[in-house]
Amino acid sequence: MGVAAIWIALNMERFGGAFDVYLRANSLYSPPMFIPVILGLVYTRTPWWSGMTAFGVGVLAVLAADVAANLALGLPVASFGDIFTNIELTLFGLEMGRYELNTLVGIVASTACFFGSALVHRREGAFKERILSLETDLRTPALAVGQKLDLRGLQAYRLAGRLGVVIGGLLLVMAAVGYGTGGALLNVVAGVLAIGLGVLVVYGTRRYERRVAREVPEEASL
């Protein structure tokens with residue numbers, strides 16, 4: 001991974017810049033990885049190896065799709081770097097680039113493999129005990145009766161909300177400075193959304209604290 005990162009960095013300009021290269025490199029593994037991570041929390045009827053297999057199949061499918069896209073468009077596939085060049089193709093009536101193609105293929109392949117592994121579902125031995133324990137935890141409400149609450153954990157949410165407001169304000173300042181340019185409107189939209197989300201998180205945190213203080217005043221003082 002280190003050698004690949006150095007090689008990509010040295011050829012950054014060739015592939016369109018740091019941000020574009022990051023998106024394309026990230027799309028090679030992120031969609032296949034997050035599918036089993038997220039689905040595994042709500043669907044546990046799979047064997048112990050389903051997560052790793054879904055990730056591997058997803059990455060291989062993305063690489064195969066990239067090679068096929070290059071061949072279909074007449075682009076070279078002489079090296080690993082060729083799959084980082086941008087492409088433009090139409091799939092199912094949608095205009096797609098490299099990032100969109102990788103994301104779509106990764107999600108579809110990883111999802112199909114994840115649920116397909118349930119056909120050979122086995123619950124045996126220690127694995128069965130871990131899965132049953134996980135399912136019990138998932139069914140147990142976080143706010144369980146008789147549990148003492150430590151409201152200090154809400155500080156992280158409050159901080160995140162305030163940071164959202166600050167970031168939104170900075171985006172609005174950037175929009176004002178760049179008024180009349182193509183990116184100004186985008187900064188306005190992003191700034192308003194960031195401020196709105198930040199205010200919502202801060203308000204929700206305070207409201208939750210007040211509700212808990214009324215229900216369990218002895219724990220709220222922790």
Side-chain angles (χ1 to χ4, degrees), residues 1 4-6 8-42 55 58-59 61-63 65-66 69 81 83-111 142 151-211:
M1 292 296 294
I6 293 173
I8 293 172
L10 294 175
N11 292 272
M12 197 71 69
E13 185 176 353
R14 169 187 170 191
F15 301 130
F19 184 72
D20 288 337
V21 171
Y22 166 77
L23 287 180
R24 295 166 198 165
N26 186 65
S27 65
L28 290 176
Y29 61 87
S30 285
M33 178 178 65
F34 281 108
I35 288 298
V37 169
I38 296 175
L39 293 181
L41 293 176
V42 296
F55 171 66
V59 172
V62 169
L63 294 175
D66 284 334
I83 66 174
F84 285 94
T85 58
N86 193 28
I87 59 173
E88 294 182 2
L89 54 83
T90 302
L91 188 63
F92 305 119
L94 300 175
E95 297 290 336
M96 291 189 177
R98 184 77 68 179
Y99 174 79
E100 292 78 11
L101 175 66
N102 291 351
T103 301
L104 176 63
V105 173
I107 289 176
V108 172
S110 184
T111 301
L151 297 179
R152 290 175 297 180
L154 295 176
Q155 294 177 1
Y157 294 96
R158 188 181 296 109
L159 176 60
R162 292 173 178 173
L163 285 176
V165 174
V166 172
I167 292 174
L170 292 175
L171 288 172
L172 292 181
V173 171
M174 294 173 60
V177 173
Y179 178 77
T181 62
L185 179 59
L186 182 60
N187 284 336
V188 170
V189 174
V192 171
L193 289 176
I195 292 175
L197 181 60
V199 171
L200 183 62
V201 170
V202 173
Y203 171 76
T205 301
R206 293 177 178 175
R207 183 177 179 182
Y208 179 78
E209 286 179 325
R210 290 194 296 266
R211 180 169 65 85

Can you name the side-chain contact (heavy atoms from CB on, under 4.5 Å) partners of [X], sequence neighbours left out?
{"X": "A25", "result": "F84"}
{"X": "L63", "result": "L28, V59, F80, I83"}
{"X": "V192", "result": "L172, V188"}

Kindly give the heavy-atom pair with the smallest separation between [X] and [Y], and that separation in Å.
{"X": "P32", "Y": "S110", "result": "O-OG, 3.0 Å"}
{"X": "T90", "Y": "E95", "result": "OG1-OE2, 3.0 Å"}
{"X": "V201", "Y": "Y157", "result": "CG1-O, 3.2 Å"}
{"X": "A65", "Y": "V105", "result": "CB-CG2, 3.8 Å"}
{"X": "S27", "Y": "N102", "result": "OG-ND2, 2.9 Å"}
{"X": "R162", "Y": "V202", "result": "N-CG2, 3.9 Å"}

Start with the C-alpha distance between T103 and I107, add both sets of side-chain angles, then the distance that settles side-chain contact (heavy atoms from CB on, under 4.5 Å), and finish with yes or no.
-> CA-CA 6 Å; T103 301; I107 289 176; 3.8 Å; yes
Is there a side-chain contact between [X] and [Y], using heavy atoms and a 4.5 Å cut-off?
{"X": "R207", "Y": "R211", "value": "no"}
{"X": "L159", "Y": "Q155", "value": "no"}
{"X": "V199", "Y": "I195", "value": "yes"}

What is the distance from atom [atom1] of [X] to atom [atom2] of [Y], rounded to the nearest 0.5 Å?
{"X": "R206", "Y": "R158", "atom1": "CZ", "atom2": "CZ", "answer": "7.0 Å"}
{"X": "I167", "Y": "L193", "atom1": "CD1", "atom2": "CG", "answer": "13.0 Å"}
{"X": "I87", "Y": "R98", "atom1": "CD1", "atom2": "CZ", "answer": "4.0 Å"}
{"X": "Y203", "Y": "Y208", "atom1": "OH", "atom2": "OH", "answer": "15.5 Å"}

Is it the case that more than 12 heavy atoms not belonging to M174 sit under 6.0 Å from its CE atom?
-> no
